[in-house]
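Notes for the one structure printed next.
Naming: A, B, ... by sequence-line order, numbering from 1 per chain.
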Protein chains: 2
Amino acid sequence: MSRMHNPAHPGEVLREWIPEGMTVSQAAGQLGVSRVTLSKILNGKSGITADMALRLAAWLNTSAEVWADMQTQWEIWQAEQNPRPVIRPLKLAA
Amino acid sequence: MSRMHNPAHPGEVLREWIPEGMTVSQAAGQLGVSRVTLSKILNGKSGITADMALRLAAWLNTSAEVWADMQTQWEIWQAEQNPRPVIRPLKLAA
DNA sequence: GCCAATTGCAAATCGTTAATTTACACGCTA
DNA sequence: TAGCGTGTAAATTAACGATTTGCAATTGGC
């Protein structure tokens, strides 16, 4: 069903992957996005798009899915917080 | 890295979950969305949002992640088709 | 053949979000 | 003090998703 706890925003996790000395501006430069764009992600003001997931994958040598899936978890959790109409489970034919 | 083949659009998969006799209109009704909205998804004209993933989960008794992840795979594949600037892999400190 | 149901789709509208550039204020430090 | 790095706001532009309305094509029953 649902994850009981608020999953970490991908931006928080991404922060841990940025080397000590590197500035946000430098990281943004290497990723080919504006400083504002990366800053917003790191501070949870923006999500990670498929395009960004691919950039992170190339930059950090990870899979794009890791980042995209993290974003998905976040979005589902957010969506769960909102009310939704009652949906009757479909009776599947046996 | 990348999935070699164009992943199935979530809508195609969703089609298989709708019972034989049930109409798109009926399914949309049970999901609490408009007929147009569901039709677009089934025909690959729209993606599956986190909210829709939750509706499908409730309706089909599956996890929301199944649908959301399917959507993610689709989006990543789509994004891969577009050109992206060269991104030099970050040399991680050992 | 005729009619109603179903469906795909287009168009218009509305709301949300990502990304950019520009700009400003704050904090740190050489 | 001057400069750098940063967070963030504002204004723009571009995508999407969702809705309603309406229309055309198909299909099945009578």
Rounded distance in Å - [atom1] ([X]) to [atom2] ([N]):
X	N	atom1	atom2	result
B/Leu31	D/dG17	CG	P	16 Å
B/Asp51	D/dA18	CG	C1'	10 Å
A/Glu75	D/dC16	CD	C1'	13 Å
A/Ile41	C/dT20	CD1	C1'	13 Å
B/Leu54	D/dG17	CG	P	16 Å
B/His9	D/dG17	NE2	C1'	12 Å
B/Trp74	D/dG17	CH2	P	12 Å
B/Arg55	D/dA18	CZ	P	8 Å

How would you list, by chain and number, every residue that makes a side chain to side chain contact (heavy atoms under 4.5 Å, CB included) with [X], sequence neighbours excluded?
X	result
A/Ala27	A/Ile18, A/Met22, A/Leu38, A/Trp59
A/Thr62	A/Trp17, A/Ala57, A/Leu60, A/Trp67
A/Val36	A/Ser34, A/Lys40

For nucleotides 2-10 of chain D, read 5' to 3', which letter fits each nucleotide if B means a protein heavy atom sits under 4.0 Å from the base, S means only the sugar-phosphate is that close, and - means neither?
-> ---SBBBB-
Got a sec, which hydrophobics cluster with A/Leu54, joining ILVMFWY side chains under 4.5 Å apart, including via others?
-> B/Ile76
Apart from A/Trp74 itself, its cluster of hydrophobic side chains linked below 4.5 Å comprises none
Backbone of B/Val24 reached by a side-chain donor or acceptor of B/Arg35 within 3.5 Å | no
Quick one: label B/Thr37 by what it contacts on the DNA or RNA (base, sugar-phosphate, nothing), any heavy atom closer than 4.0 Å.
-> base
Measure from the side chain of A/Thr49, starting at C-beta and using heavy atoms only, and say which of D/dA18, D/dT19, C/dA19 lies closest.
-> C/dA19
